Amino acid sequence: MINKNAQRLRRAVRARAKIHELKMLRLSVHRTSQHIYAQIFDRDSKVLAAASTVQKSVSEGLKGTSNIAAAAAVGKAIAEKAKAAGIKQVAFDRSGFKYHGRVKALADAAREHGLEF
């Protein structure tokens with residue numbers, strides 16, 4: 001029997017294969033029960049920009065690091081770092097997670113602050 005994490009990783013592989021076909025930069029999101037992380041990768045899997053709730057600058061002033069407000073703060077931070085690196089357009093890689101809750105909040109905040117998916 002396949003466990004939950006293996007199913008998520010199978011979904012992630014399919015999505016990443018499609019993003020690879022598109023030849024775009026990808027905004028990858030990973031969430032744990034305590035934190036949420038976002039990274040922008042180039043085609044060679046080199047990290048161009050990163051933001052997470054682990055960083056003091058992002059988590060400062062938040063009630064917690066595992067809620068929708070924290071995810072929105074990470075989305076804003078990654079969009080600002082991408083803009084500083086000259087990145088405007090990315091493909092959204094949700095890493096097999098459902099596009100719901102914290103993942104959706106991060107994506108919406110990144111879009112609001114100038115990233116195009």
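Everything numeric here is computed off the predicted structure, so don't read it as measured data. When reading the values below, keep in mind they use all heavy atoms of this one structure, side chains included, and skip hydrogens, waters and symmetry mates.
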**Request:** State yes or no: do L25 and F117 share one hydrophobic cluster built from I, L, V, M, F, W and Y residues joined by side-chain heavy-atom distances below 4.5 Å, directly or via other members?
**Result:** yes
**Prompt:** Would F41 and L48 satisfy side chain to side chain contact (heavy atoms under 4.5 Å, CB included), going step by step from the backbone distance to the final call?
**Reply:** CA-CA 6 Å; F41 293 101; L48 303 175; over 6 Å; no
**Asked** Are L22 and L115 grouped together when hydrophobic residues (ILVMFWY) are joined by side-chain heavy atoms under 4.5 angstrom apart?
**Response** no
**Message:** Tell me whether K63 contacts the main-chain N or O of A69 through its side chain, where contact means a donor paired with an acceptor under 3.5 Å.
**Reply:** no
**Between R16 and S95: side-chain donor-acceptor atoms closer than 3.5 Å** = yes
**Exercise: identify the closest heavy-atom pair between A51 and V74** = O-CG1, 3.7 Å
**Prompt:** Are the side chain of T65 and the backbone N or O of H35 linked by a donor-acceptor pair below 3.5 Å?
**Reply:** no
**Within 45° cone of F97 ring axis and under 6.0 Å: R8 NZ or CZ** = yes
**Request:** For atom NZ of K81, decide whether the heavy atoms of other residues, nucleotides or ligands shown that lie under 6.0 angstrom number more than 12.
**Result:** yes
**Message:** Less than 4.5 Å apart, side chain to side chain, heavy atoms only: is that true for S45 and R26?
**Reply:** yes
**Expected output: side-chain S59 to main-chain V54 donor-acceptor under 3.5 Å** = no
**Asked** Is there a side-chain contact between R10 and I2 (heavy atoms, below 4.5 Å)?
**Response** yes
**Prompt:** Which pair of heavy atoms, one from A72 and one from A109, lies closest together, and at what distance?
**Reply:** O-CB, 3.3 Å
**Complete:** Looking only at heavy atoms, the pair that brings Q39 and A50 closest together is CG-CB, 4.0 Å
**Prompt:** Any side-chain heavy atom of R102 sitting closer than 4.5 Å to one from N67?
**Reply:** no
**Prompt:** Stepwise, does the side chain to side chain contact (heavy atoms under 4.5 Å, CB included) test hold for V103 with R31?
**Reply:** CA-CA 8 Å; V103 175; R31 74 176 166 79; 4.0 Å; yes
**Asked** Rounded to the nearest 0.5 Å, how far apart are CE of M24 and CD1 of I40?
**Response** 11.0 Å
**Request:** Check the surroundings of atom CD in Q34: do more than 12 heavy atoms from other residues, nucleotides or ligands lie under 6.0 Å from it?
**Result:** no
**Request:** Answer with yes or no whether the hydrophobic clustering places I87 together with L27; edges join I, L, V, M, F, W, Y residues whose side-chain heavy atoms lie under 4.5 Å apart.
**Result:** yes
**Asked** What are the two closest non-hydrogen atoms of G64 and A70, and how far apart are they?
**Response** O-CB, 3.5 Å
**Asked** So which heavy atom on A73 is nearest to which on L62, and how close?
**Response** CB-CD1, 4.1 Å
**Prompt:** Any Lys/Arg nitrogen of K18 or E21 sitting under 4.0 Å from an Asp/Glu carboxylate oxygen of the other?
**Reply:** yes
**Message:** Pairing donors with acceptors under 3.5 angstrom, does anything connect the side chains of H20 and R43?
**Reply:** yes
**Prompt:** What orientation do Y37 and H30 show, parallel under 30°, tilted 30 to 60°, or perpendicular over 60°?
**Reply:** tilted
**Prompt:** Looking at NZ of K88 and CD of E116, how far apart are the two atoms once the value is rounded to the nearest 0.5 Å?
**Reply:** 8.0 Å
**Message:** Taking side chain to side chain contact (heavy atoms under 4.5 Å, CB included) as the criterion, tell me which of D93, L106, I78 meets it with V29.
**Reply:** L106
